[in-house]
K.L.:
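What follows is a single structure, and I will ask about it in a moment.
Lettering follows sequence order; numbering is per chain, from 1. This one's a predicted model, so the numbers in the text were calculated from it and none came from an experiment.
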Amino acid sequence: MQTGRKVYLDYAATNPLAPGVFEAMLPFFSEAYGNPASLHQWGDMARQALDESRAKVASLIGGAPEELIFTGSGTESNNLAIKGLSLGQQAKGKHIVVSAIEHFSVLHSVRTLEKSGFQLTEVPVDKHGVVDPDEVKRSLRKDTVLVSVMLANGEVGTIQSIKDIARVVKEAGILFHTDAVAAAGNIPVNVKDLGVDALSLAANQFYGPKGAGALWLRRGVRVIPLLDGGIQEGGKRAGTENVPTIVGMGKAAELAQKDMPARIKHCIPLRDRLIRGLLAEVKHSLLTGHPSQRLPGHASFCIEYIEGESMLMLLDAHGIAVSSGSACTSRALKASHVLLAMGLSHEVAQGSLLFTMGMDNTTDDIDYVLGVLPQVVDRLRQISPLYHKSTAS
Amino acid sequence: MQTGRKVYLDYAATNPLAPGVFEAMLPFFSEAYGNPASLHQWGDMARQALDESRAKVASLIGGAPEELIFTGSGTESNNLAIKGLSLGQQAKGKHIVVSAIEHFSVLHSVRTLEKSGFQLTEVPVDKHGVVDPDEVKRSLRKDTVLVSVMLANGEVGTIQSIKDIARVVKEAGILFHTDAVAAAGNIPVNVKDLGVDALSLAANQFYGPKGAGALWLRRGVRVIPLLDGGIQEGGKRAGTENVPTIVGMGKAAELAQKDMPARIKHCIPLRDRLIRGLLAEVKHSLLTGHPSQRLPGHASFCIEYIEGESMLMLLDAHGIAVSSGSACTSRALKASHVLLAMGLSHEVAQGSLLFTMGMDNTTDDIDYVLGVLPQVVDRLRQISPLYHKSTAS
Amino acid sequence: MPVYGEKVMDHFMHPRNVGEIENPDGVGDVGNPVCGDMMSFYIKVKDNRLVDIKFKTFGCGAAIAVSSIVTEMAMGKTLEEAMTITNKLVAQELGGLPQNKLHCSNLGADALHNAIKNYLEKTGQKPVGEKVT
Amino acid sequence: MPVYGEKVMDHFMHPRNVGEIENPDGVGDVGNPVCGDMMSFYIKVKDNRLVDIKFKTFGCGAAIAVSSIVTEMAMGKTLEEAMTITNKLVAQELGGLPQNKLHCSNLGADALHNAIKNYLEKTGQKPVGEKVT
Ligand SMILES: Cc1ncc(COP(=O)(O)O)c(C=O)c1O
Ligand SMILES: Cc1ncc(COP(=O)(O)O)c(C=O)c1O
């Protein structure tokens with residue numbers, strides 16, 4: 001079964017490092033091990049490295065270096081944004097608006113705030129996972145203090161018209177945050193163009209290391225820190241900085257900015273080849289997310305009558321790494337809230353299969369998958385009571 | 001001035017990696033880059049690495065692996081402990097007790113809780129920085145829900161009798177947390193011996209990487225998470241795990257457990273040589289912290305009539321890296337609350353100088369410092385208006 | 001660390017007794033798509049013994065492995081014996097299952113029991129003892 | 001990145017005009033140990049000009065560098081000219097200071113002005129103009 005061939009198609013889960021990123025981090029694991037808070041040479045080296053990384057990451061998204069807060073993950077950036085901005089403004093009101101397909105780090109942060117009296121409106125999405133700016137507008141209230149809509153969704157790849165959404169929110173004088181964790185570093189993202197007040201990003205989504213996220217926060221916007229302690233990160237995020245990881249994020253940002261057009265050019269044809277091929281080879285399958293407004297390396301589907309985890313396991317036995325939004329693959333055993341919000345039934349959502357590709361993938365990889373997948377699907381459909389019933393009827 | 005010689009004596013700020021730690025992390029920056037949440041081979045590798053690290057770190061402190069929550073720093077562990085445990089029990093009461101010399105990540109976490117109605121009692125320390133268990137006992141109230149006293153202080157090296165403090169707290173049926181960030185990995189720490197409910201530690205204090213902390217939490221103790229999102233870390237700390245860094249923490253824990261006696265044996269003579277030498281060579285100087293109940297590599301002083309930052313800078317020019325608790329060296333421009341709590345005047349506290357040594361240091365390093373420091377002190381005293389006045393009077 | 005142990009993987013990769021039985025003596029279903037797993041068991045009974053068992057399963061790896069091993073465990077048993085197979089025993093026989101798979105995916109014994117009950121009902125017999133899981 | 005620029009480091013490492021003046025014409029003090037920095041300036045005045053200036057400083061690197069450069073900036077100036085030296089000008093002359101050092105450590109001009117005022121008082125003259133910082 002195991003052919004020895006390995007094809008990683010789970011870039012949305014995490015990326016390998018781009019060439020050059022690890023090399024940039026290396027000195028900070030050895031001689032340059034100082035703490036940026038220290039006032040001696042070791043501290044100087046670390047501080048300088050932080051400053052340089054801050055400039056690079058800020059440049060990737062068109063912000064100012066002083067506006068950037070380094071965090072430990074995309075999740076932490078979102079928690080800091082949602083909780084920190086809401087609590088910073090609770091004197092003004094306690095109503096928050098988010099889309100129905102936000103990442104759990106946004107949704108569950110709001111749930112936590114609900115326990116202390118905040119109220120939530122979830123804006124729905126259409127069948128492609130698109131948020132209508134007019135729906136956002138209708139959801140705004142006098143006591144709305146924060147709106148958060150993600151830039152791109154990691155599960156279905158849909159890219160929102162954040163600029164239009166931000167406009168209606170800013171017209172109402174309300175703070176707007178966008179979770180750009182799945183987008184930043186992969187497609188052009190510019191905080192000024194977008195007109196947002198806060199933006200989350202994470203290094204391991206653009207060939208940088210795990211453990212490095214950032215929140216860009218427009219100058220002057222008040223945020224209540226999540227982590228209290230020393231005055232690292234301008235007093236907005238205490239704790240000794242993870243210098244090597246931040247340096248890796250800086251290098252990854254620099255490379256992402258430089259190589260973005262080439263990367264997009266590499267990924268889109270692979271994605272489109274997979275989408276075309278899969279829909280042709282596997283009957284009763286459908287593309288999830290938007291057909292064109294989607295992330296370059298992102299191809300997500302539902303394969304009917306079978307379940308995601310078992311597909312994933314059989315593909316894994318062929319050396320192919322993918323993920324799924326099925327209930328069985330989630331540790332909470334719930335089908336993807338994103339797929340359900342897009343109107344898919346539980347039954348169809350169970351067949352979720354997510355291929356996300358990157359710079360290490362080739363056309364051959366895609367063709368290999370297109371060779372293996374139909375067998376896998378057939379095999380599971382032969383076992384499935386649903387398939388039998390459906391074909392019989 | 002610059003002799004080319006470099007002597008790092010700022011281990012309390014952060015440690016270099018122990019030999020073997022980086023090597024253990026290495027695969028997780030390259031081929032084993034998967035996300036532990038993924039259900040394929042890449043995920044399997046990452047998950048296995050997490051499990052192994054968890055076992056090693058738990059073993060270092062005598063806890064069970066399932067009781068360990070990985071975080072991004074000692075600061076985060078303390079925030080999670082203080083806020084998470086207090087909020088988890090606020091139905092029972094809103095009073096918290098901590099010592100006056102806690103790290104800011106503890107003190108400022110309590111300050112944040114005070115904004116939502118919690119009350120704080122700060123237990124004083126004696127001139128050696130020691131907390132009296134009876135003082136703790138007297139501070140307890142019916143509505144006390146959490147007591148937190150640090151195991152060892154990073155600024156003055158004093159080690160508390162946590163076991164005795166924990167006993168009076170547990171007798172009252174109250175949760176007890178200890179910040180062992182400066183202690184764990186450097187001196188024997190066992191959660192069962194100590195009788196605590198929660199304990200914070202951080203890898204970069206025992207030759208592990210920055211960006212890896214942990215909170216040990218006794219089974220069954222309720223904690224409200226700081227970071228909401230996915231169900232990583234048993235739902236207690238969301239966000240993609242920083243796998244390489246956690247692996248580094250695991251390796252560092254394994255080495256710390258194995259090499260602890262040798263490390264202590266290496267550090268204590270260096271520390272004592274420095275203390276003896278400095279007090280003899282530099283008049284008007286005093287040891288801060290406890291004379292014997294102190295961390296193995298920790299020697300802290302106040303040098304009268306001069307200020308810490310200028311000493312630090314001149315030592316840096318001689319390649320010697322140290323730190324200080326003077327107002328000038330803190331970004332907030334406040335003298336160390338630890339030194340003030342021990343009864344030192346602002347003037348004396350300004351002369352704070354902190355040498356913390358580790359495995360890379362030698363007797364020669366200490367002798368080099370003892371050669372350089374008296375000149376540095378003399379030179380600054382020649383400039384100091386206080387010294388003139390004091391010697392004239 | 002793989003999520004599943006070796007025996008689970010073996011039954012998942014090579015499931016025994018997949019399929020349907022034409023004119024079965026009993027049919028049992030469990031599960032629903034919200035939970036994520038659905039199993040259909042078909043049995044053939046002769047002289048109060050299970051002489052053939054087949055299953056079809058929609059669901060995760062655990063659900064498929066569970067179904068497969070249940071058919072092996074029950075094959076040739078009397079109905080009374082088969083009713084003593086519990087979900088817990090099935091998990092043990094598989095060498096353990098991940099904690100979160102114990103409830104939703106480990107319903108093979110229930111599906112088998114449903115098929116047996118269906119047979120007993122159809123043939124007008126009274127139910128035989130079922131161990132609590 | 002070092003906290004201080006080159007010029008600050010130069011004045012810190014090689015401070016000019018350190019010391020006291022015996023029988024000074026004026027003495028000026030600023031600061032206190034809570035804030036962290038204390039400076040004492042001593043001046044000698046001849047024909048309304050600063051012919052000698054010395055300082056002693058307890059405090060951080062910035063405080064020492066500031067004191068040193070103030071003595072250089074003021075040396076030979078008339079009292080009126082010296083009173084136009086502001087803390088802001090001093091920071092500029094040093095090529096900038098870290099933000100958090102601007103308030104507490106950058107008091108050299110104040111210390112000098114205090115010494116001049118002390119001289120004027122002692123000699124019964126009226127104060128000369130002082131620019132606001
Ligand atoms: C859109 C989005 N936001 C937030 C996150 C959270 O990132 P992490 O798990 O790295 O903290 C993800 C992760 O994939 C994501 O896709
Ligand atoms: C006792 C103690 N607690 C907490 C911390 C915070 O650690 P970090 O800054 O790595 O988050 C430190 C740091 O030195 C410490 O000494």
K.L.:
Restricting to salt bridge (Lys or Arg N to Asp or Glu O under 4.0 Å), what partner residues turn up for B:Glu307, sequence neighbours left out?
P.N.:
none

K.L.:
Give me the atom names and distance for the closest heavy-atom approach of D:Met13 to B:Ala317.
P.N.:
CE-CB, 3.6 Å

K.L.:
Okay, side chain of B:Ser310, backbone of D:Gly59: is any donor-acceptor separation there less than 3.5 Å?
P.N.:
yes

K.L.:
If you count heavy atoms of other groups shown closer than 6.0 angstrom to NZ of B:Lys334, is the number above 12?
P.N.:
no

K.L.:
Is there any residue in residues 62-73 of chain D with a non-hydrogen atom under 4.5 Å from a non-hydrogen atom of chain B, and which ones are they?
P.N.:
D:Ala62, D:Ile64

K.L.:
So which atom in D:Asp37 and which in B:Cys328 form the shortest heavy-atom distance, rounded to 0.1 Å?
P.N.:
OD1-SG, 3.7 Å

K.L.:
Any side-chain heavy atom of B:Met313 sitting closer than 4.5 Å to one from D:Tyr4?
P.N.:
yes

K.L.:
Measure across B:Glu347 and D:Phe58 and return the closest heavy-atom pair with its distance rounded to 0.1 Å.
P.N.:
O-CZ, 4.0 Å

K.L.:
Side chain from CB out, backbone as N, CA, C, O: work out which of these in D:Pro15 comes under 4.5 Å of a heavy atom of chain B, or both, or neither.
P.N.:
side chain

K.L.:
To the nearest 0.5 Å, what is the distance between CE (D:Met9) and CG (B:Asp316)?
P.N.:
7.0 Å

K.L.:
Counting only non-hydrogen atoms closer than 4.5 Å, does D:Val18 touch chain B with its backbone (N, CA, C, O), its side chain (CB onward), both, or neither?
P.N.:
side chain

K.L.:
Do you know which two heavy atoms are closest between B:Glu309 and D:Lys101, and how far apart they sit?
P.N.:
OE2-NZ, 2.7 Å

